[in-house]
Amino acid sequence: MPRYEPEKIENKWRKVYNEKKLYEANLNEKAEKFFITVPVMYPDGRLHTGHMYTWARADIFARFQRMQGKNVLFPQGFHMTGGPMAGMSLRLKNGDEKAIELMKKQGANNEDIKKFAENPLELGLFFGNTYKNDFDLVGISIDWRRNFILSYTKQYSRFVEWQFRTLRKLGYVTQGSHPVVWCPKENTSLGDHDRAEGEGESPLEFTIIKFKIGEFILPAATLRPETVYGVSNIWVNKNGKYNKITLSNGERWVASEEFARKLPYQSNAAEKVEEFDITSIINKTAINPINGEEIPVLTGEFVKTDVNTGVVMGVPMHAPFDYYHYKKIGETTKLKEAKKIIDVSGRETLIEDAIKKFGSDEKGLEEATKYVYKTEFNYGVLNDKNGVLSGKPTKDTKESAIDLIKSKKAYEKFYETSAVIVCRCGTKGIIKLVENQWFIRYSDKELKEKSIELVQRMDIRPEEAKAQITNAIYNMEDKAATRNGGLGTPLPWDKDWLIEPLSDSTIYMSYYTFAHLIKNIKEDEITDELFDYILLGNGNATDFSDAVKEMKKEFDYWYPLDMRVTAKELITNHIAFFIMTHVAIFNKEKWPKGLGINGWITVNKQKMSKSKGNTMTIDYIVNTYGADSARLVASASNGMDDAEWDIQNISGFKQKIEFILDITEILASFSNERKLVDEFLLSNINRLIDSAEKEYYSMKYKNSVNYSFFKLVDFIKQYINYGGNNKDTIKYALTIFAKLNHPFFPFVTEEINNVINGGELLEKHASWPKMIKGYDNEVIENEFDVVKQTLDDINTLIKITKKTPEEITIGIAEKEKFDIYNKIKEKADITRDLKEIRQGLQTSDFVNKLLKNPKRLPDRKLDYEKELRVFTELSDKFKEVYNAKIHIEESKEDKAMPGKPLILIK
RNA sequence: GCAGGGGUAGCGAAGCGGUCAAACGCGUAAGGCUUAGGACCUUAUGGCUUAGGCCUUCGAGGGUUCGAAUCCCUCCUCCUGCACCA
């Protein structure tokens, strides 16, 4: 018997598929089209199992649709817009050891790395090439002719320009200023992916209140301007370095040196910066601009000079740090009593309690701060010591507090990071206020409404994702669409700006439809009018060349997009942008139709990702286990939950494949004998076709392999085990096995089908099997269940009695009992009311037994003749299993029930 | 803070008002096969039980129902995303 040799089989069919160009999709008016995409990939490293998961899921659907007779287009592009590649290139250029090592580990040599350092696009092209190989290896059925690179392809840049001019014409573009996390060394914004530390952190807006001290201003930064009436003092850190900053309006600020360095990124007001001896103002008196109160400047070593201004207002009764240190200084120096200005009813000693609870070390005070802020914010009210703010709930006071501060000309704002952020280059990130930033107005109410309406109609799997997407759109704010570093297409009307990567990739799927044709069109022929004509149907056909008309034909045929497959983390950004931009630009009939959202793979509960180092590259896994085995990963989950993937699963898969290959090989040696067990197998397999199809359709692949693979194999095993040996039945079972599993395991199933049936390829239109009505046989399925149950029961009995059976008698209930049983079964389908069921039945011990519990009423149809025949047919099997004499007979005993024969063991 | 999704056997998970320990996969144990290991096959895998039985379970508590993991309420707890970044 031959071993399963995946490499041999896979090479063979991979070659056939490529030679016959089966993955290349051509316009064919006669065939129904199906257009499926996965987002463009950003080629900055090798592909791993995590990627394979998403693409295999899409590929399975693509193949499934092909087998349904659809003309399937599954293209794939690359994305080379944006920061990470440029950042990596820069790091390589600077000789960053870590970066160089990372590239080497992924197969780049010194020559390559030199090229990457010179041009980040080279890096993308290098990895892009490995992707094509890896995908081909694992059998992702992509039409590579339509591949293109965003936004590196010149023609595509034209397309993005058209997109943005169109959005602007429609009024969806606006301009304003915007705070971003920034690396001052690489001079670029720091997205999550560019950070070595501080993922998920964002800019936080602080209010600066200007306290006067002599000729100087102390700018105190706070998140709670509403506590300004409770200020007891100003904190500075006597160990910190401070500057005197002269502003263009003449104000002279005293703030930390770090602040002076950060300020220019948010305002160009500073004219002169000089050193300042902070100790010279400690214990001097400052003025609260809101109420004119005189307050001392105190030193507090807890004040961080690298955050905000290095000047903090002390509000002891409402801030644990202030409380603790103010008290401490108060022990030796006479200080005014701190004012309590926020009341939380029933929590008079909130701050004392909080410190007691969490402790007075730094960590404890931090915890206490969170706790106090939260409690006061949600339940607090500003008491009568708050001037014009008195009586307001804390929750609603921030805005009016700011207005008040503004009216005293004491207001300023400053952005700070919500926690420490470090760039991959090692530099600490700061906040830059980007002026004149261009936005796409995703906040537009009408656009949101239309988009949400579309989402309700879309075919989204899993169903739960619909609510999330709806919500994401509902909460959408304006999106900064440009940036001033990295790679990308310049904004057509303001060339200083580059269009940002999430914004140049919202409707590019339409570009796939003609990507292979537009390559031949000269750049200057690609005008806005051309795209208006192709994509929106505007303009006159006579104005365009045949080549352009051809492109329009492709677009009209393939668009809209039928299915987009992505991981769930894209819901709140890319998916929302994708849907909304389509709604904004395209005619209604071109809006997207379907989505497939998946979770991610975890290994030991950790998300599989490059940064965690828990991945395997695709070429490794395919070379080690085979492509079909590797694709099993797509069955890791049903919906968008995270799915734990265990490489051990592959061994069970292989065992079963070998079993199937074995019977495939010896198919000719089976007989022509037909028995009840044939009906059993045909009926079950027939039903599996339907079950598997439904699960494939809703992308619940864990369920679909369960049916098409594990259950089906199990049925064939049972069939053989019960003595089935009919050649036609087995041939049918194997054929269905090959077909139902082909989307999942294309190569080995093609081989199996080829061996038993020859002829046409499965990877061809409309090879999906249909159910055969006559094969359905519910009663036979039930009776074989009875056999299984009876075998179990016999085992239990033998175990309990510890007997070695010499004779086993199986007593089938008499026909009358079956009649009553089936009658009750029919009634129980309608009602569970025992009285109602009892009506018209003669009372007997048997009836009483069946009607004891409404939960245990008869619920499957059985048949006397069949039950007797099934057991008779299998008596040899029983004999073999128990090595005992077997009697099958009718029995009048009470214990002989329909579906539960009497068992006697001697 | 805002939003979304969970808590079922050793693990991953199915089940979403009615086949009485719960699909399927993995793991584990025993037996078989084998020179041995691996692989493979069979059986078992909540507890008790000398005749197919009983008891206890689906995060916790309460409710609706003849009947709830499944519906309703309260609580505990875990995970994920939050944008200028692919």
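The figures here come from the full heavy-atom set of this structure, side chains too, leaving out hydrogens, waters and symmetry mates.
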- Query: Checking all strands, does A/Met41 fall into the base, sugar-phosphate, or nothing category for heavy-atom contacts under 4.0 angstrom?
  - Reply: nothing
- Scan A/His178 against the nucleic acid and name what it touches under 4.0 Å (heavy atoms): base, sugar-phosphate only, or nothing. base
- How would you label the contact of A/Pro203 with the nucleic acid (heavy atoms, under 4.0 Å): base, sugar-phosphate, or nothing? nothing
- Just to confirm, is there a sub-4.0 Å distance from OP1 or OP2 of B/A86 to any side-chain nitrogen or oxygen of A/Arg483? yes
- Message: Under the rule for salt bridge (Lys or Arg N to Asp or Glu O under 4.0 Å), what residues qualify as partners of A/Glu781, not counting sequence neighbours?
- Response: A/Arg687
- Message: Distance check needed: B/A83 C1' versus A/Trp438 CH2, whole Å only.
- Response: 20 Å
- Are A/Tyr882 and A/Asn795 close enough that a side-chain donor and a side-chain acceptor fall under 3.5 Å? yes
- Message: Could you tell me how far apart A/Asp504 (CG) and B/C84 (C1') are, to the nearest whole angstrom?
- Response: 12 Å
- Query: A/Glu477 near the nucleic acid: base, sugar-phosphate alone, or nothing, with a heavy-atom cut-off under 4.0 Å?
  - Reply: base
- Query: If you find the nucleotide of RNA chain B closest to A/Leu797 and the one closest to A/Asp785, which residue's nucleotide is nearer the 5' end?
  - Reply: A/Asp785
- Scan A/Lys654 against the nucleic acid and name what it touches under 4.0 Å (heavy atoms): base, sugar-phosphate only, or nothing. nothing
- Message: Just to be sure I understand the rule, does A/Ile905 reach a base, reach only the sugar-phosphate, or reach nothing, if contact means heavy atoms closer than 4.0 Å?
- Response: base
- Task: Give a yes/no answer on whether the side chain of A/Lys717 brings an N or O atom under 4.0 Å of OP1 or OP2 in B/C41.
- Result: yes
- Message: For the residue pair A/Thr581 / A/Tyr442, report whether a side-chain donor-acceptor contact shorter than 3.5 Å exists.
- Response: yes
- Who passes ring-ring contact (aromatic ring centres under 6.0 Å, His included) against A/Phe439, sequence neighbours left out? A/His178
- Item | Residues A/Thr81 and A/Asp504: side-chain donor-acceptor under 3.5 angstrom | yes
- Query: Expressed in angstrom and rounded to an integer, what is the separation of A/Leu502 atom CG from B/C82 atom C1'?
  - Reply: 13 Å
- Task: Select base, sugar-phosphate, or nothing to describe what A/Ile794 touches, counting heavy atoms under 4.0 Å on all strands.
- Result: nothing
- Whole-Å distance between B/C41 P and A/Glu658 CD? 9 Å
- Note on the structure: Applying salt bridge (Lys or Arg N to Asp or Glu O under 4.0 Å) to A/Glu500 and not counting sequence neighbours gives A/Lys479
- Message: I'd like to compare against my own output: the B/S/- annotation of nucleotides 25-34 of chain B with a strict under-4.0 Å heavy-atom distance to protein.
- Response: SSS-------
- Message: In whole Å, I'd like the distance from the NZ atom of A/Lys900 to the C1' atom of B/G53.
- Response: 10 Å
- In whole angstrom, what separates A/Lys700's NZ from B/A13's P? 15 Å
- Task: Check the distance between B/U80's C1' and A/Asn598's CG and give it to me in whole angstrom.
- Result: 14 Å
- Look at A/Lys694 together with A/Asp690 and state whether they make a salt bridge at an N to O cut-off of under 4.0 Å. yes
- Item | Which residue lies more 5' along RNA chain B, comparing A/Gln468 with A/Lys568 via nearest heavy atoms | A/Gln468
- Give A/Asn471 one of three labels, base, sugar-phosphate or nothing, depending on what nucleic acid heavy atoms sit under 4.0 Å from its own. sugar-phosphate
- Query: Would you say the ring centroid of A/Tyr152 lies under 6.0 angstrom from that of A/Phe78?
  - Reply: no
- Classify the nucleic acid contact of A/Thr81 as base, sugar-phosphate or nothing, counting any heavy atom under 4.0 Å across all strands shown. sugar-phosphate
- Message: So, under a plain 3.5 Å distance rule, would you say the side chain of A/Asn573 forms a donor-acceptor pair with the base of B/A86?
- Response: yes
- Item | Stems where RNA chain B pairs, listed by first number, each of three or more Watson-Crick or G-U pairs under 3.5 Å | B:1-7 with B:76-82, B:10-12 with B:24-26, B:27-32 with B:40-45, B:46-48 with B:53-55, B:59-63 with B:71-75
- Message: Between B/C84 and A/Lys479, counting only base atoms on the nucleotide and side-chain atoms on the residue, is there a donor-acceptor pair under 3.5 Å?
- Response: yes
- Item | Pair A/Thr394, A/Arg224: side-chain N/O donor-acceptor within cut-off below 3.5 Å | no
- Note on the structure: Residue set satisfying salt bridge (Lys or Arg N to Asp or Glu O under 4.0 Å) with A/Lys717, at least two apart, ordered chain then number -> none
- Nearest-Å distance for atom pair NE2/P, residues A/His51 and B/A86: 15 Å
